[in-house]
Amino acid sequence: MTHDFPVNPLLSSRPAAPSGARLLVTAAELRAHGVTSAQAGARCRPGGSWQRLLPGVYLLRQGAPTGEERLHAALLYASRRESAASSPGEGREATAVPVQPRRDDPPHADAVVTGLAALALRGFSSAPALSRLDAVDVLVPRARRVRSTGCARVVRTARMPVPEAVAGVPAAPVERAVADAVAHLPEDAGALTVRRLFGEAVQDGHCEPAALLRELRRGRLTGRPRVAEAMDVLVAQGRAAAEERLYRMAREHGLPDPVWNVELRLPDGPSLGAVDAYWPERAVAVELEAPGDAGKRERLERLGVRVVRVPRLRLTTDQGMEHQAALVRTALTAALDHRPASPLRILPR
């Protein structure tokens with residue numbers, strides 16, 4: 001609180017704000033309470049009790065801002081309604097007539113935190129704490145003209161995500177946040193850093209491996225050396241997650257117990273390939289659909305083994321899992337009296 005301006009009425013007139021935003025105000029809010037840009041600037045001079053964190057965004061105290069305060073300041077700065085309401089000389093999108101926010105407007109319209117800041121909000125151990133970040137990445141629509149400055153790194157995009165509310169902050173979904181974090185890692189960050197981000201996102205269940213891979217491809221990041229070196233984490237975790245769902249499908253939908261993860265061979269002959277589940281008495285195999293040996297199914301079916309291909313994505317919903325279980329059950333029923341044309345050896349994969 002300053003000696004010559006009553007801050008309490010201003011703060012009490014605002015909607016409830018997260019703790020990191022309570023002492024942050026915008027130029028538009030100050031003007032609405034009769035404080036001009038010149039008066040606000042005077043309070044930010046040496047010896048004053050305020051500080052300007054970003055153009056049009058003020059912290060009503062002195063001292064180092066917290067990581068949360070820097071994050072909320074970046075969002076306020078990048079928000080359309082706030083940058084449109086900034087006074088001349090304080091924002092690139094200033095207008096002659098201030099645009100006052102409406103009560104039903106979202107708190108940070110058209111601005112979504114992403115990258116390491118969005119991961120830090122979710123408590124990722126592989127991301128630095130908010131207080132240690134040099135910049136807060138904020139997504140805005142491509143047509144916006146607001147620029148990066150200070151602690152706000154503005155990322156224009158044609159693909160604005162649907163935000164998730166995390167501690168009162170509009171944050172990008174985890175798969176998008178990880179992809180954006182990887183895109184802006186410093187040059188000295190290696191594959192180990194990327195692998196840790198991938199691993200925590202997938203292993204702790206924050207997002208699906210396939211969803212993260214899609215975001216990496218959309219961002220054209222898979223060709224970067226450190227990303228390519230870390231892709232083994234996504235491949236391994238994606239397979240493990242799909243196998244777990246396949247086990248669940250068999251258990252919850254009452255399928256007979258198969259032998260899991262086996263390699264099929266001709267007696268004293270070459271390998272015919274590995275399958276994820278196999279019912280020897282029915283000669284029915286299940287294979288999780290993924291890029292691989294296109295000729296494996298043809299080889300097995302020539303020998304009388306019926307192969308059911310299960311797309312991994314179909315196992316991510318209860319409805320899809322039920323449908324795939326019905327397909328497997330149909331194949332098992334049709335093969336009751338069927339035997340492979342040639343005896344096969346069954347070995348652990």
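Residues satisfying the side-chain contact (heavy atoms from CB on, under 4.5 Å) criterion with A274, sequence neighbours excluded, are R349. Under the salt bridge (charged side-chain N to carboxylate O under 4.0 Å, His left out) criterion, E301 pairs with R297, not counting sequence neighbours. Residues that satisfy the salt bridge (charged side-chain N to carboxylate O under 4.0 Å, His left out) test with R142, not counting sequence neighbours, are absent from this structure. Residues meeting the side chain to side chain donor-acceptor pair (under 3.5 Å) test with D318, sequence neighbours left out: R248. Taking R265 as the reference, E263 meet the salt bridge (charged side-chain N to carboxylate O under 4.0 Å, His left out) condition, with sequence neighbours excluded. Listed by chain and number, the residues in a side-chain contact (heavy atoms from CB on, under 4.5 Å) with Q39 are V35, T36, R43 (sequence neighbours excluded). Looking at residues two or more places apart in sequence or on another chain, you find a side-chain contact (heavy atoms from CB on, under 4.5 Å) between A179 and E215, L216, L221. When the side-chain contact (heavy atoms from CB on, under 4.5 Å) test is applied to A171, the partners found at least two apart in sequence or on another chain are V113, A118, R122, V166. The salt bridge (charged side-chain N to carboxylate O under 4.0 Å, His left out) test applied to E243 returns R239, not counting sequence neighbours.
When all heavy atoms of P173 and P161 are compared, the pair lying nearest together is CD-CB, 3.7 Å. Contact detail for L315 and M249: the closest heavy-atom pair is CD2-SD, 3.8 Å. Heavy-atom minimum distance, E287 versus V307: OE1-CG1, 4.2 Å. Contact between Y58 and C44 at its shortest, heavy atoms only, is CD2-SG, 3.6 Å. Heavy atoms only, all atoms of each residue included: A120 and P128 are closest at CB-O, 3.3 Å. Across R153 and A135, no two heavy atoms sit closer than the pair CB-CB, 4.1 Å.
Looking only at distances, no side-chain donor or acceptor of R245 sits under 3.5 Å from a matching main-chain atom of T317. Checking side-chain atoms of H33 against main-chain N and O of E29 turns up a donor-acceptor pair under 3.5 Å.
Within the 4.5 Å cutoff, side-chain heavy atoms of T149 are placed close to those of Y77. Side-chain atoms of V286 and P258, non-hydrogen and from C-beta on, never get closer than 4.5 Å to each other. Counting heavy atoms from C-beta outward, Y278 and L344 have side chains that approach closer than 4.5 Å. Counting heavy atoms from C-beta outward, V227 and F198 have side chains that approach closer than 4.5 Å. Within the 4.5 Å cutoff, no side-chain heavy atoms of R147 are placed close to those of V154. Within the 4.5 Å cutoff, the side chain of P280 has heavy atoms near those of the I346 side chain. Side-chain contact between S131 and T66 is absent, with no heavy atoms from C-beta onward closer than 4.5 Å. Proximity of V138 to L75: side-chain heavy atoms (C-beta onward) are separated by under 4.5 Å at one or more points.
To the nearest 0.5 Å, atoms CZ (R70) and CG (L130) are separated by 8.5 Å. Taking CG of L116 as the start and CG of L197 as the end, the distance is 6.5 Å to the nearest 0.5 Å.
Side-chain atoms of E200 and S125 form a donor-acceptor pair, as typed in the model, at a separation below 3.5 Å.
Among residues at least two apart or in separate chains, side-chain hydrogen bond (donor to acceptor under 3.5 Å, both in side chains) pairs with a member in residues 167-177 are T157-R176, R176-D180. Listed by first and then second residue, the side-chain hydrogen bond (donor to acceptor under 3.5 Å, both in side chains) pairs involving residues 319-329 amount to none (not counting sequence neighbours). The side-chain hydrogen bond (donor to acceptor under 3.5 Å, both in side chains) analysis of residues 185-195, with sequence neighbours excluded, yields the pairs R195-D232.
Under a cut-off of 6.0 angstrom, the local environment of CZ in R132 is sparse, with at most 12 non-hydrogen atoms contributed by other residues, nucleotides or ligands. Annotation: R217, atom CZ; neighbour count of heavy atoms from other residues, nucleotides and ligands within 6.0 Å does not exceed 12.
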What do the steps show when you test L60 against V25 for side chain to side chain contact (heavy atoms under 4.5 Å, CB included), and what is the final call? CA-CA 8 Å; L60 303 183; V25 296; 3.7 Å; yes
Determine whether W50 and L23 satisfy the following criterion, side chain to side chain contact (heavy atoms under 4.5 Å, CB included), listing intermediate values before the conclusion. CA-CA 10 Å; W50 296 0; L23 292 180; over 6 Å; no
After noting the C-alpha distance and the side-chain angles of L272 and K296, does the key distance pass the side chain to side chain contact (heavy atoms under 4.5 Å, CB included) rule? CA-CA 7 Å; L272 300 171; K296 175 167 60 177; over 6 Å; no
Step by step, would you call E69 with R61 a salt bridge (charged side-chain N to carboxylate O under 4.0 Å, His left out)? CA-CA 11 Å; E69 287 170 337; R61 66 172 181 83; 2.6 Å; yes
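Taking the six-membered ring for Trp, Y247 and W260 have ring centres closer than 6.0 Å.
Contact check on R214 versus E208 returns no salt bridge, with no Lys/Arg side-chain nitrogen under 4.0 Å from an Asp/Glu carboxylate oxygen.
Checking D137, L119, V136 one by one against T114, the side chain to side chain contact (heavy atoms under 4.5 Å, CB included) holds for a single residue, D137.
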